[in-house]
There are 2 protein chains.
Amino acid sequence: MGVSKTEIFTKQQNEIAVFMKAFSHPARISILQNLFEKDTCVCGDLVKEIGLAQATISQHLKELKLLGLIKGKVEGTSVCYCIDEAVWKHMKTLLNTFLDHDIKNQDTCC
Amino acid sequence: MGVSKTEIFTKQQNEIAVFMKAFSHPARISILQNLFEKDTCVCGDLVKEIGLAQATISQHLKELKLLGLIKGKVEGTSVCYCIDEAVWKHMKTLLNTFLDHDIKNQDTCC
DNA sequence: TTGTTTCATTGCAATAATACGATAAATATA
DNA sequence: TATATTTATCGTATTATTGCAATGAAACAA
């Protein structure tokens with residue numbers, strides 16, 4: 001994309017953007033929803049469930065794992081993925097500081 | 001990025017991803033925070049405040065406007081941008097249906 | 001009218017993201 | 001050991017995103 005100038009923004013602004021980017025693709029939304037609903041902990045199940053190539057799902061899982069939102073446990077030849085509760089809570093708190101702003105000056109402008 | 005296969009996901013999953021993408025760049029986070037804090041309603045103020053080129057800020061504003069999150073009112077030679085409260089609320093409700101999941105099976109797996 | 005200010009658009013270069021086939025790596029099974 | 005199963009990684013084609021200089025367009029001021 002051309003380099004984002006992260007250095008001119010605050011740590012918090014960059015961190016919010018990074019989490020939001022993790023959620024900016026419907027495949028990753030679907031993966032996380034599946035993990036919440038359980039049963040489909042395993043990579044292969046997600047591939048069947050979602051309908052993208054195995055390599056693609058694996059790549060999306062890697063991104064979520066890199067951010068810490070999910071963790072994987074090897075079980076034989078398959079891998080079980082789960083949400084990391086602590087990171088998820090941290091993320092939610094962070095995003096809410098941004099989303100829960102009050103809208104002022106609704107009358108004085110626009 | 002290669003084409004995202006939006007057709008294999010639900011309407012809701014795609015809509016969540018679209019809003020998240022709007023927030024996936026620190027410049028757009030900063031713009032919205034500025035609009036919340038008011039004073040810097042005007043495009044030129046945002047350019048000074050944030051420190052990206054005028055063309056770049058204008059482009060980010062366009063994306064947010066296209067999504068409906070902000071609206072602009074021409075005032076002479078300048079343009080005043082504000083949050084669209086209704087769209088913002090809709091977005092928050094939508095994102096919370098995703099973010100507010102309960103984490104089950106924390107014991108049975110991973 | 002002429003110049004000034006402010007914002008949007010265009011065009012381009014650089015880089016990131018998406019998707020998938022092919023293949024490697026690791027474990028289980030016969 | 002040989003084969004099958006499952007996941008990760010590599011390579012690559014395609015498309016999207018970021019950023020900015022240059023230029024337009026619109027409103028204002030002199």
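The chains referred to below are lettered A, B, ... by the order of the sequence lines, with proteins before strands, and numbering in each begins at 1. No hydrogens, no waters, no symmetry mates; every other heavy atom, side chains included, goes into these values.
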Item to check | Per-nucleotide protein contact string for nucleotides 21-30 of chain D (B base, S sugar-phosphate only, - none; heavy atom under 4.0 Å) | outcome: B-----BS--
Next on the checklist: Heavy atoms only, 4.0 Å cut-off, all strands: where does A/S78 land among base, sugar-phosphate and nothing?
Outcome noted: sugar-phosphate
Item to check | Distance in angstrom units between A/F9 CZ and D/dT18 C1', rounded | outcome: 11 Å
Checklist entry - Can a side chain N or O of A/K62 be found less than 4.0 Å away from OP1 or OP2 on D/dT7? => result no
Checklist entry - Rounded to the Å, how far apart are A/Q59 CD and D/dA13 C1'? => result 13 Å
Next on the checklist: Just the rounded figure in Å: distance from P of C/dT18 to CD1 of B/I8.
Outcome noted: 13 Å
Next on the checklist: Just the rounded figure in Å: distance from C1' of D/dT6 to NZ of A/K48.
Outcome noted: 11 Å
Checklist entry - So does B/K21 get a side-chain nitrogen or oxygen closer than 4.0 Å to the phosphate oxygens (OP1/OP2) of D/dT17? => result yes
Checklist outcome for this item: Separation of D/dT18 atom C1' from B/I31 atom CD1, nearest Å, is 13 Å
Checklist entry - Any side-chain N or O of B/H60 under 4.0 Å from OP1/OP2 of D/dT17? => result no
Item to check | Nearest listed nucleotide, side chain of A/K5, among D/dC20, C/dA8, D/dT18 | outcome: D/dC20
Next on the checklist: Let me confirm one number: the NE2-CD1 distance from B/H60 to B/I70, rounded to the nearest 0.5 Å.
Outcome noted: 11.5 Å
Checklist entry - Heavy atoms, side chains only, cut-off 4.5 Å: are A/Y81 and A/L35 in contact? => result yes
Checklist outcome for this item: note: B/E63, atom CD; D/dT18, atom C1'; distance rounded to Å ~ 9 Å
Item to check | Side chain of B/S58 - closest among C/dA8, D/dT18, C/dA19 | outcome: C/dA8
Next on the checklist: Counting only side-chain heavy atoms from C-beta out, which of D/dG19, C/dT18, D/dT7 sits nearest to B/H25?
Outcome noted: D/dG19
Next on the checklist: OP1 or OP2 of D/dA8 versus the side-chain N and O atoms of A/Y81: is any pair under 4.0 Å?
Outcome noted: yes
Checklist entry - What is the distance, rounded to the nearest whole Å, between atom CG of A/L52 and atom P of C/dA17? => result 17 Å
Item to check | Point-to-point distance, once rounded to the nearest 0.5 Å, from CG of A/L95 to CG of B/N96 | outcome: 10.0 Å
Item to check | From CG (A/L99) to NZ (A/K92), nearest 0.5 Å | outcome: 11.5 Å
Checklist entry - Is the B/F36 ring parallel, tilted or perpendicular to the A/H101 ring (thresholds 30°, 60°)? => result parallel
Item to check | Atom pair CD/SG of B/E75 and B/C41 - distance to nearest 0.5 Å | outcome: 7.5 Å
Item to check | Spatial distance of atom NZ (A/K48) from atom CD1 (A/I57) [nearest 0.5 Å] | outcome: 13.0 Å
Checklist entry - Could you state the CG-P distance from B/L46 to C/dT6, rounded to the nearest angstrom? => result 14 Å
